[in-house]
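Read through the structure below, which is laid out as structure tokens, and then see the notes.
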Amino acid sequence: MSIYDTLNNKQREAVQQVDGPLLLLAGAGSGKTKTIVYRICYLMEHECVQPYNILAITFTNKAAGEMKERVANLVGVGSPVWVSTFHSLCVRILRRHIELLGYDPGFTIYDADDQKSLMKNIIKRLDIDTKMFKEKTLLGAISNAKEKLVDVNEYELSVRGDRYRGVCARAYREYQDTLVKNCAVDFDDLIFLCVKLFKEHPEVLDMYQERFKFIMVDEYQDTNYAQFELVRLLADRYRNLCVVGDDDQSIYAFRGADIRNILNFEVHYPEAKVIKLEQNYRSTGNILNAANGVIANNETRKDKALWTDREDGKKIRFSRLDSAYDEADFVVEDILRTKRENGLNYSDFAILYRTNAQSRVFEEMFVRDGVPYNLVAGTAFYDRQEIRDMMAYLKAVANPNDEISLRRIINVPKRGIGQASLSKVEDYAELHDISLFEAFKNAGDIMGLGKTAAKILQFSFFMERLRGLSEMVGVDELLKTLIDECEYEEYLKENFEDKYEDKIQNVYELVAKAQQYSENEEPSLLGFLEDVSLVSGSDSDEYGEDRVTLLTVHSAKGLEFKNVYLCGMEEGIFPGNMTIDSDEPDGMEEERRLAYVAITRAMDRLVITCAKSRQIRGQSNFFPVSRFVREIPEEYLESKLPRGYRDSAEEFVKQDLRKKVSFVKSVPPTAPFIAKQTRDLNMLMGIKKGGDIKAKPDYNVGDRVKHIKFGVGTVLDIVDDERDYKITVDFDSVGNKVVYAAFAKLQKV
């Protein structure tokens with residue numbers, strides 16, 4: 001029996017379609033990874049394609065590792081097929097060719113914390129108003145530009161005459177110049193510079209086009225413009241490009257993902273073959289039909305519907321509780337009862353919610369009832385302070401020009417080197433146009449340092465010793481020497497007495513990671529730093545223990561559980577108020593895709609819950625049932641929704657708001673709660689206060705305004721509409737949006 005006999009008809013068709021562009025629309029639980037792996041094997045076994053000529057791109061190291069392992073198991077040997085994440089692929093290419101762009105191939109990769117530290121210094125250096133511009137805002141603008149492949153020069157030209165974005169341009173210029181000076185790149189640079197390399201040096205592109213004759217890209221719906229362009233360039237010669245994804249699971253627009261990449265694939269590749277994988281192997285019929293019923297309400301999507309050979313299974317249970325505590329109490333009791341009656345494990349249950357803040361009440365209930373749980377949140381291993389300290393030392397050893405790392409460790413542990421002394425060294429470095437580390441080595445020549453000069457010199461000698469040692473021993477031995485000679489254990493004991501045990505265990509967990517890494521064929525300090533830098537939060541795997549899993553819907557993508565509780569399904573929570581208030585349909589369609597992802601995580605049983613009231617920022621708020629619940633066809637629900645739940649979304653909100661206004665009559669009339677609910681009710685029902693609910697905005701065309709979701713932008717137009725003032729704004733981060741003044745609550749900057 002051939003391995004390909006285990007494929008269904010559509011999977012087999014996809015595996016055997018080898019020539020030309022292929023769009024593989026793979027629904028949730030449809031076996032897409034198996035299909036990709038078998039297609040790689042088919043190319044080698046039946047089409048005599050050399051493994052060297054195949055490239056498979058995934059989004060996480062975990063997915064890449066799994067794919068490599070499955071290919072190796074099928075072909076019988078370790079395969080030289082490149083299975084890589086976007087960032088890992090670009091790092092490998094840039095290490096070989098980045099000198100052509102004027103960079104040192106020994107560059108280090110700055111993570112989010114490094115970027116924040118760098119931007120903090122830049123804000124201070126450029127005397128930027130921190131009330132107007134936070135590090136996050138400026139870094140977001142820079143990241144957005146790089147994802148769109150807009151370099152510093154283009155960005156500066158595009159913002160002429162715009163004072164606000166002009167500040168972003170100054171920060172972008174200084175940020176990029178400092179990265180180059182520090183011999184560093186950020187994650188956006190990895191793809192940005194790779195595309196630049198291909199465009200400016202066609203001989204390099206020619207080499208990789210000839211090598212990668214067959215390219216496969218997983219999770220294509222999550223790609224941004226830069227990733228799209230990278231793939232387009234690589235596949236341009238042979239056009240044997242297979243992209244795999246599901247537009248119905250595109251939920252990362254906030255990270256820059258562009259759903260148009262998958263929706264317009266046939267526009268870019270008119271000769272493309274399209275194959276749909278609609279058979280689901282995960283969920284029961286009722287769960288899939290519920291998911292299909294919800295997602296069918298989206299207009300911008302490829303037409304498809306999941307189906308299964310499995311039985312219909314249990315219908316979906318929906319419960320509306322009085323409060324968030326009642327909801328959590330109901331869920332925990334239901335888990336305990338279902339576990340007991342069916343002989344299940346705690347790990348067979350998962351609780352999904354829209355935002356991390358919703359986990360607290362569930363955690364309290366689990367602690368109360370002694371139920372073990374795993375919260376998929378909190379501080380990731382490589383984000384912990386002690387690990388960041390160790391990694392900063394290693395980065396500075398590998399790259400002495402890395403000023404961000406040097407600043408972090410200069411006084412960890414304490415060395416008595418104050419900020420005033422450090423500023424004098426920085427001034428000296430700038431005056432003599434040398435790196436900060438070179439200035440450290442010249443501390444004896446710097447006026448005004450006094451006794452601190454000896455301490456700085458001692459630090460520079462220590463770093464030089466570690467640098468020499470790094471060329472003779474493995475990273476694990478280097479770490480042990482570092483921990484011992486800088487007395488890091490004593491530092492933790494002295495400064496973090498109550499957390500010392502946890503912190504030192506984390507440090508030696510890093511040593512264990514380094515020992516594991518040293519088993520590679522060609523281990524190096526630079527390689528270890530690369531390995532760690534490319535590990536993303538989504539690669540962590542903590543689902544194996546017998547615990548109930550608590551996680552956001554975004555974190556749940558790609559996972560599956562026998563029993564899923566989808567909680568907080570209220571209008572205003574899921575979908576959120578910002579999405580509801582927006583006039584843009586894109587936001588609501590993405591929220592609906594998120595609901596679709598949540599529903600399709602369930603294998604055997606799905607329970608949906610919501611609360612009538614919920615504490616938000618210290619106030620009780622009352623919410624209608626989510627429209628996504630009301631979009632589930634009634635025949636797939638365990639019991640009918642109460643009367644009125646099936647009205648149109650607008651009518652339902654009206655009914656619920658009437659109840660709110662009635663309920664709050666006893667509350668003092670100055671309460672913000674009443675004002676908001678009454679305003680919302682008036683807006684929906686067309687009730688005009690004093691003949692008109694409209695209030696003329698306090699800003700004009702050309703003014704800079706701020707929106708709670710879209711950030712800062714410039715007012716382009718103000719129209720006196722019948723219902724409200726319609727405002728057109730060119731937002732710096734998302735472009736042109738049309739909003740209504742009463743809902744948008746724009747603030748003049």
Side-chain angles (χ1 to χ4, degrees), residues 10 23-30 32 220-222 245-253 257 259-260 262-266 274-310 312-318 352 354 553 556-557 560 564 566 569-571 574-576 579-580 582 584-603 606 608 610 624-638 640-641 645-653:
K10 287 296 182 181
L23 171 57
L24 191 55
L25 290 171
S30 61
K32 69 179 176 68
Y220 193 66
Q221 77 280 348
D222 293 336
D246 181 7
D247 53 299
D248 288 336
Q249 296 186 76
S250 179
I251 59 173
Y252 295 120
I259 193 173
R260 293 173 298 181
I262 192 167
L263 292 177
N264 296 336
F265 186 77
E266 296 130 289
V274 180
I275 299 174
K276 299 177 183 178
L277 301 186
E278 297 171 293
Q279 183 175 358
N280 176 282
Y281 293 92
R282 175 188 299 153
S283 306
T284 60
N286 284 325
I287 292 171
L288 292 183
N289 289 328
N292 289 333
V294 172
I295 201 63
N297 289 277
N298 271 4
E299 294 181 6
T300 310
R301 65 184 293 263
K302 300 276 189 181
D303 184 45
K304 56 188 172 300
L306 297 178
W307 61 275
T308 182
D309 281 338
R310 289 190 66 187
D312 287 341
K314 295 178 181 294
K315 289 189 176 184
I316 294 158
R317 183 176 182 183
F318 171 73
L352 274 56
R354 182 64 180 83
V553 182
K557 187 169 180 287
E560 58 184 37
V564 167
L566 180 52
M569 290 301 287
E570 298 124 44
E571 200 79 2
F574 194 178
T579 303
I580 295 168
S582 172
E584 291 295 319
D586 294 351
M588 189 58 71
E589 293 218 341
E590 174 142 342
E591 285 286 292
R592 187 173 283 108
R593 292 194 292 269
L594 196 58
Y596 173 82
V597 167
I599 293 169
T600 54
R601 298 312 94 195
M603 300 168 68
L606 174 64
I608 298 177
C610 69
V625 176
S626 169
R627 68 189 69 194
F628 303 143
V629 176
R630 290 177 277 116
E631 289 170 355
I632 297 173
E634 203 163 82
E635 59 265 34
Y636 307 120
L637 292 168
E638 190 175 80
K640 289 186 177 182
L641 292 172
Y645 279 44
R646 295 233 152 256
D647 294 336
S648 70
E650 185 173 306
E651 283 302 314
F652 185 82
V653 175

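Keep in mind that the numbers below use all heavy atoms, side chains included, and drop hydrogens, waters and symmetry copies.
Smallest separation of non-hydrogen atoms from G293 and N297: O-ND2, 3.0 Å. Minimum interatomic distance between D309 and Q279 (heavy atoms only, all atoms of both residues): OD2-NE2, 3.1 Å. Across all their heavy atoms, K10 and I275 have their closest contact at O-CG2, 3.8 Å. Minimum interatomic distance between S283 and A602 (heavy atoms only, all atoms of both residues): OG-O, 2.6 Å. In plain terms, the two heavy atoms of D246 and A28 that are nearest each other are OD2-N, 3.8 Å. Taking each heavy atom of I632 and A290 in turn, the nearest pair found is CG2-CB, 3.8 Å.
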- Criterion side chain to side chain contact (heavy atoms under 4.5 Å, CB included) on L25 and D247, from CA distance to verdict: CA-CA 8 Å; L25 290 171; D247 53 299; 4.0 Å; yes
Practice item. Starting from the C-alpha separation in whole Å, work towards a yes-or-no answer on side chain to side chain contact (heavy atoms under 4.5 Å, CB included) for I599 and V597. Key: CA-CA 6 Å; I599 293 169; V597 167; over 6 Å; no
Check: How far apart are the C-alpha atoms of W307 and L288, what are their side-chain angles, what is the distance that settles it, and do they pass the side chain to side chain contact (heavy atoms under 4.5 Å, CB included) test?
Finding: CA-CA 7 Å; W307 61 275; L288 292 183; 5.6 Å; no
Check your understanding: Please walk me through it: do K315 and E634 pass salt bridge (Lys or Arg N to Asp or Glu O under 4.0 Å)?
Key -> CA-CA 10 Å; K315 289 189 176 184; E634 203 163 82; over 6 Å; no
- Verdict with supporting geometry, N280 and S30, side chain to side chain contact (heavy atoms under 4.5 Å, CB included): CA-CA 5 Å; N280 176 282; S30 61; 5.8 Å; no
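The shortest distance between side-chain heavy atoms of V625 and M569 does not fall below 4.5 Å. Taking the side chain as every heavy atom from C-beta outward, L352 and R601 approach each other to under 4.5 Å. Contact check for I259 versus E589: no side-chain heavy atoms found under the 4.5 Å cut-off. Between Y281 and T308, every side-chain heavy-atom pair lies at or beyond the 4.5 Å cut-off. Side-chain contact check for E571 versus I580: some heavy-atom pair is nearer than 4.5 Å. Contact check for K302 versus K276: no side-chain heavy atoms found under the 4.5 Å cut-off. Taking the side chain as every heavy atom from C-beta outward, T284 and K314 never approach each other to under 4.5 Å.
Applying the side chain to side chain donor-acceptor pair (under 3.5 Å) test to K32 and every residue at least two apart in sequence or in another chain returns D218, E219. Taking E278 as the reference, nothing meets the salt bridge (Lys or Arg N to Asp or Glu O under 4.0 Å) condition, with sequence neighbours excluded. Listed by chain and residue number, F628 satisfy the ring pair (Phe, Tyr, Trp, His ring centres under 6.0 Å) test with F574 (two or more places apart in sequence, or in another chain). D312 pairs by the side-chain contact (heavy atoms from CB on, under 4.5 Å) definition with N286, not counting sequence neighbours. The side-chain contact (heavy atoms from CB on, under 4.5 Å) test applied to A257 returns Y252, not counting sequence neighbours. For N289, the side-chain contact (heavy atoms from CB on, under 4.5 Å) partners are N292, Y636, not counting sequence neighbours.
In this structure, Y220 OH and L23 CG are separated by 9.0 Å, a value rounded to the nearest 0.5 Å. With rounding to the nearest 0.5 Å, the separation of OH in Y596 from CZ in R301 is 7.0 Å. Distance CZ/R282 to CD1/I287: 10.5 Å, rounded to 0.5 Å. Atom CZ of R354 and atom CG of L566 lie 11.5 Å apart (nearest 0.5 Å). Expressed to the nearest 0.5 Å, how far CG of D248 lies from CZ of R593 amounts to 8.0 Å.
Panel note: side chain R317, backbone E638; no donor-acceptor pair is recorded below 3.5 Å.
Atom CZ of R260 is surrounded by 12 or fewer heavy atoms from other residues, nucleotides or ligands within 6.0 Å. Atom NZ of K304 sits in a crowded spot, with more than 12 heavy atoms from other residues, nucleotides or ligands closer than 6.0 Å.
Of the candidates E570, E590, R592, R627, R627 is the only one forming a side-chain contact (heavy atoms from CB on, under 4.5 Å) with P575.
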